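First listed ligand is number 1; within each ligand, the first listed atom is number 1. One-based numbering along the sequence shown. In this text the structure is predicted, and so the values were computed from the model without any measurement.
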Amino acid sequence: MSNNKEFVKFAKVDKSYDGKILVVKDLNLDIAEGEFITMLGPSGSGKTTCLMMLAGFETPTNGEIYLDGNPISNIPPHKRGIGMVFQNYALFPHMTVYENLAFPLRVRKISKDEIDKKVDKALSMVSLAGYESRMPGQLSGGQQQRVAVARALVFDPAVVLMDEPLGALDKNLRESMQYEIKHIHESIGVTVVYVTHDQGEALTMSNRIAVFNDGKVQQLSSPDQLYESPVNSFVAKFIGENNTFKGEVLDVSKDKCKVKLDTGGEIFANPISVNSKGEKTTVSLRPERALINPDEKMDNNHKGKIEEVIYHGDHTRVRLNLLGNNEFILKVPNSSANLDIKLGNEINIGWNSADARALDPK
Ligand code: ADP
Ligand code: MG
């Protein structure tokens, strides 16, 4: 990755389509050259709008977008040096694979020899060398999407935008394409801005993820940070699985707080967004951070009753009633056969307060 940390820069960008409601609010985002960044969020959170503004098909209502230090508001889309792959951005059906890839190069007035070389290179990048003369209709869905990726890369763009490019593919194909796109990114180092509503996809592919909700970035961080250290209840809920406890802070010090639960009982947690006694909070705990028969060092230790046991191949998913929360989930690796895991059994469950994040009450 190069040193230019602000290769793409959104500075105080707002967007309204109707002059009233902001669908993107005060977006400040720096994307490094060569980075793979993903905008992740529920439908309607403003992701596509951000890509459209970067591509030049929409104009920010306020603020400015910079590419390599230059404001781009007045540069038309085809002069921005940006490649695009969209879920519904179909190939030209009446053109061969070769012609589809040659098209963006012809527009840029590149010589025939050079076009042949670039088409060859782009097709081998997506493992489709030899498919030049096929028509799109003669390709599978996955192959068509690989041609679309090759077409976005063929003119050596500075930035490639991908908006839910794998959304139409079935699960297995989608997963293998995730790795394929990730590997292409690693080998050529192009800057990628990727959009998805699928958290697994975002975690797999990205250097960093910007989580969007309601037009605002909720958290911008690496996949592991996002999963391990969500900064608010929205992110904790949206990324991965999450046991929650609602309650009120009884006592708080620098790195620990005691929370009285609405359902009765008390737990210890990590005071991420609470500061004082009496505040409402929702505590978030990842299922894999809760252990059966904890050792004494764990500062939370409670009895839970097994309500449901579901076999999942590599692990068993256990639903418990614990401290009045009957949606408490535990994931037990199937390598560690545990005789206590039977419907109706009472088991001891523990966790470290450091892993239980006391967040906003939402
Ligand atoms: P996402 O890609 O995260 O699903 P979008 O950026 O497509 O979100 O949409 C954000 C909001 O802007 C939504 O409320 C959507 O209805 C609205 N919106 C998107 N495109 C347009 C448009 N061309 N005209 C008016 N409203 C739009
Ligand atoms: Mg969208």
Q. Does the side chain of Thr244 reach to within under 4.5 Å of the side chain of Phe328, using non-hydrogen atoms?
A. no

Q: Would you please test Glu241 and Lys331 for salt bridge (charged side-chain N to carboxylate O under 4.0 Å, His left out) and show each step?
A: CA-CA 10 Å; Glu241 247 191 318; Lys331 284 181 181 166; 3.5 Å; yes

Q.
For atom 5 (P) of ligand 1, what is the closest protein heavy atom, and at what distance to 0.1 Å?
A. Thr49 OG1, 3.6 Å

Q.
Return the CG to CG distance between Asp26 and Asn28, rounded to the nearest 0.5 Å.
A. 5.0 Å

Q.
Which heavy atom of Val13 sits nearest to which heavy atom of Met53, and what is that distance?
A. CG1-CE, 3.6 Å

Q: Check Val23 against ligand 1 and report side chain, backbone, both or neither, counting heavy atoms closer than 4.0 Å.
A: side chain

Q | Gap between atom CD of Glu132 and atom CG of Asn100 - 0.5 Å precision | A | 12.5 Å

Q: Using the side chain to side chain contact (heavy atoms under 4.5 Å, CB included) rule, pick out the option among Val195, Asp163, Thr48 that qualifies with Phe86.
A: Asp163

Q. So, for atom 11 (C) of ligand 1, does the protein have a heavy atom nearer than 4.0 Å?
A. yes

Q. Below 3.5 angstrom, do we get any N/O pair linking Glu58 and ligand 1?
A. no

Q.
Looking only at protein heavy atoms, which one is nearest to atom 7 (O) of ligand 1, and what is the separation?
A. Thr48 CB, 3.7 Å

Q. When you measure from atom 19 (C) of ligand 1 to every protein heavy atom, which one gives the shortest distance, and what is it?
A. Tyr17 CE1, 3.4 Å

(Q) Would you say the Mg ion (ligand 2) has Thr48 as a near neighbour, meaning an N/O/S atom of that residue under 2.8 Å away? (A) yes

Q | atom 4 (O) of ligand 1 [closest protein heavy-atom partner, distance rounded to 0.1 Å] | A | Gly44 N, 2.6 Å

(Q) Using modelled atom types and a 3.5 Å cut-off, is there a donor and acceptor pairing between side-chain atoms of Arg80 and backbone atoms of Ile72? (A) yes

(Q) Once you measure the plane-to-plane angle for His185 and Phe36, does it fall in the parallel (<30°), tilted (30-60°) or perpendicular (>60°) bin? (A) perpendicular

Q. Counting only non-hydrogen atoms of the protein, does one fall under 4.0 Å from atom 1 (P) of ligand 1?
A. yes

**Q.** Which residue and heavy atom of the protein sit nearest atom 3 (O) of ligand 1, plus the separation
**A.** Lys47 NZ, 2.8 Å

Q. Side chain, backbone, both or neither: which part of Pro42 comes within less than 4.0 Å of ligand 1 when only heavy atoms are counted?
A. backbone

Q.
Below 3.5 Å, N or O to N or O, backbone or side chain included: is there any such pair between Gly46 and ligand 1?
A. yes

Q: Of all the heavy-atom pairs spanning Ser273 and Asp360, show the shortest one and how long it is.
A: OG-N, 3.4 Å

(Q) Within the 4.0 Å heavy-atom shell around Ser45, which atoms of ligand 1 are there? (A) 1 (P), 3 (O), 8 (O)

